[in-house]
Amino acid sequence: MEIATVVKANGGYEADRRRRLRRLRCSVKDYAWGKIGSDSLVYRVYAANSDQPIDSTRPYAELWMGTHESGPSYLEDDDADGGSDGVTLRSWIAENPEALGDRVLEKWGCDLPFLFKVLSVGRALSIQSHPDKVLAKKLHKAHPNLYKDDNHKPEMALAYTQFEALCGFIPLQATVLRTSLRFEIRFDEERSLGSFMELKSVIRAIPEIEELVGSEEANQVFCISEHDEEKVKSAVRTIFTLLMSAGPDTTKQIVSKLKHRLHMESQERHLTDKERLVLKLEKQYPDDIGVISAFFFNYVKLNPGEALYLGANEPHAYLFGECIEVMATSDNVVRAGLTSKPLDIQTLCSMLSYKLGFPEILKGSRIRPYITRYLPPFEEFEVDLCDLPCGASTVFPSVPGPSLLLVLQGEGRMSTDASADEISMGDVLFVPADTEIHLKSSSDLKLYRAGINSRFLDSP
């Protein structure tokens, strides 16, 4: 579809050309953990977005929208041919820096500070963490082929379907009720409330952990108060590092023993969600230390429309489902398990914050009819979700920073004072700073906007 440019009588064509919406062709990643073909949301979006032939037998894991050189977006309009030979969004921004707005240019230079993605997770991603800015610079300087960026990578995942993840260390001692709507944790009625929700119960209930790390180290957790934060962190760091550093032969033996024990116990009782997850992970990644380490992390289940955000140096692993993800522009990942990719266990174990407790889940705040905002504590980004019923209208007010728009459902019309466009599923558009967007749906429309965090833009 072509964007029809509206040229004002008192304005020049060139000014309006720079300010209009820019339709993008985006890059896709076929990582092995992605869903296959049409089962993947990424596949369906990419098929609608791309003008290239699509192989339906491959895994489709991530759709990248933004300026990162590992997965650039290209302009598709009357100024570029689109595809791999077209003009990248990054190069267009370099020639039109005013599209970012003054505050963004001053803070982050002539580039988008965020990267927008769609993820389709068919099996677990690696146990991983992302470095802060200081460590990112050190890792990039020392190993530029492995750590390609000198930037940090805070991120937020907004569930499109039910979405499962491991995230952060479980608390030393649980103080939550049996029913937790936030995490949808379900326990076998015959087992204690604390089972696998608190580290003390994990150490008691999983003898394989003590066998790996030693009795003296494992029993540290019973000798400290949850209120002594530094001692708690030190104990968890020691135990987790010993666990993750186990040799391959020892790991294989212990994982096999754990698997056998759980299969035997499943004949006498219902396994907990966490135990069933561990057995599932073992099938996906046999003899991997990440299988046992899963007991240390919160098992989070997001409903559609709920979001999880992650700062630097926090361990996590996405497990299953589909989400919209936004992050600072970086591809730095430190991995330590549940992957065939290169591991950097010592770096990961040394960089983690070892904060214990459940992560915050964002439900979003309604900022105007049909639009819900997800606002994490990071300057680089926020996400708006627009659910617009058939025939309804709404407005995204102008903001002094750039945005990316992604249509995941339905059809409609999008207009600004410089352009008008028919939109449908798979469309991705770049919105310059200071652009008000009017939306009208012709069928139920679901659209996501990634932009600069409004707290940053509104700050003095």
Side-chain angles (χ1 to χ4, degrees), residues 1-4 20-26 28 35 37-51 54 56 60 62-66 73 76-77 82 116-120 156-163 302-307 321-326 363-374 382-399 403-416 418-431 435-451:
M1 302 178 189
E2 295 185 354
I3 297 177
R20 63 193 174 110
L21 304 180
R22 296 283 168 168
R23 189 182 297 276
L24 303 177
R25 298 286 192 196
C26 301
V28 72
K35 294 187 176 184
S38 60
D39 287 341
S40 167
L41 175 64
V42 170
Y43 169 90
R44 299 193 297 273
V45 176
Y46 184 60
N49 178 264
S50 175
D51 58 358
I54 308 297
S56 63
Y60 288 82
E62 296 185 354
L63 183 82
W64 287 31
M65 299 164 280
S73 296
E76 183 229 336
D77 57 21
F116 201 21
K117 296 182 181 181
V118 181
L119 269 62
S120 291
M156 179 172 67
L158 172 55
Y160 184 75
T161 63
Q162 187 177 78
F163 193 77
L302 299 178
N303 291 316
E306 295 180 333
E322 291 172 311
C323 75
I324 310 304
E325 190 181 36
V326 64
K363 306 271 188 186
S365 301
R366 184 62 59 93
I367 60 169
R368 59 181 48 241
Y370 311 118
I371 299 177
T372 302
R373 175 161 294 170
Y374 300 83
E382 66 184 20
V383 172
D384 291 340
L385 165 59
C386 178
D387 265 315
L388 198 60
C390 180
S393 301
T394 193
V395 176
F396 283 100
S398 67
V399 294
S403 301
L404 290 175
L405 298 177
L406 165 67
V407 183
L408 279 192
Q409 178 183 313
E411 297 178 341
R413 184 172 179 82
M414 180 181 296
S415 60
T416 71
S419 65
D421 192 26
E422 300 297 324
I423 57 172
S424 60
M425 190 269 198
D427 285 342
V428 181
L429 301 104
F430 172 79
V431 183
T435 302
E436 185 175 84
I437 301 168
H438 294 259
L439 277 175
K440 184 175 178 62
S441 62
S442 52
S443 64
D444 290 349
L445 187 67
K446 185 182 289 287
L447 178 147
Y448 295 82
R449 182 195 75 90

Is there a donor-acceptor pair closer than 3.5 Å between any side-chain N or O of [X] and the backbone N or O of [Y]?
X: D427; Y: L405; value: no
X: T394; Y: P369; value: yes
X: S56; Y: G37; value: no
X: S120; Y: L41; value: yes
X: S443; Y: E411; value: yes

Find out whether [X] and [Y] are in side-chain contact, i.e. whether some heavy atom of one side chain is under 4.5 Å from a heavy atom of the other.
X: P389; Y: Y370; answer: yes
X: K35; Y: V42; answer: no
X: T416; Y: V431; answer: no
X: L158; Y: Y448; answer: yes
X: V118; Y: E322; answer: no
X: R413; Y: E422; answer: yes
X: I423; Y: L445; answer: yes
X: V428; Y: S73; answer: no

For the atom pair [atom1] ([X]) and [atom2] ([Y]), what is the distance rounded to the nearest 0.5 Å?
X: L119; Y: S40; atom1: CG; atom2: OG; answer: 9.5 Å
X: S38; Y: I54; atom1: OG; atom2: CD1; answer: 12.5 Å
X: L21; Y: S415; atom1: CG; atom2: OG; answer: 9.0 Å
X: L408; Y: I324; atom1: CG; atom2: CD1; answer: 4.5 Å
X: R22; Y: D421; atom1: CZ; atom2: CG; answer: 12.0 Å
X: L406; Y: L447; atom1: CG; atom2: CG; answer: 7.0 Å

Task: Residue list, ring pair (Phe, Tyr, Trp, His ring centres under 6.0 Å) with F396, at least two apart or on another chain - done: none
Task: Those residues that, when tested against F116, pass ring pair (Phe, Tyr, Trp, His ring centres under 6.0 Å) (two or more places apart) - done: none
Open item on the list: Determine whether S398 and T435 satisfy the following criterion, side chain to side chain contact (heavy atoms under 4.5 Å, CB included), listing intermediate values before the conclusion.
Closed with: CA-CA 5 Å; S398 67; T435 302; 5.5 Å; no
TODO: Go through the structure and list residues passing side chain to side chain donor-acceptor pair (under 3.5 Å) with K440, not counting sequence neighbours.
DONE: none
Open item on the list: Apply side chain to side chain contact (heavy atoms under 4.5 Å, CB included) to residues L404 and F430 and explain how you reach the verdict.
Closed with: CA-CA 5 Å; L404 290 175; F430 172 79; 3.9 Å; yes
Task: Considering all heavy atoms, the nearest C323-A157 contact - done: SG-CB, 4.0 Å
Task: For the student: nearest non-hydrogen atoms of V395 and P397, plus distance - done: O-CD, 3.5 Å
- [ ] Quick one: list whatever passes side chain to side chain contact (heavy atoms under 4.5 Å, CB included) with T372, sequence neighbours left out.
- [x] R366, Y374
Open item on the list: Is the ring pair Y60/Y46 parallel, tilted or perpendicular, if the boundaries are 30 and 60 degrees?
Closed with: tilted
Task: salt bridge (Lys or Arg N to Asp or Glu O under 4.0 Å) partners of R44, counting only residues at least two apart - done: none
- [ ] Only counting residues at least two apart or in another chain, list the ones meeting salt bridge (Lys or Arg N to Asp or Glu O under 4.0 Å) with E325.
- [x] none
Open item on the list: Consider salt bridge (charged side-chain N to carboxylate O under 4.0 Å, His left out). Of K446, R368, R449, which one does D384 pass it with?
Closed with: R449
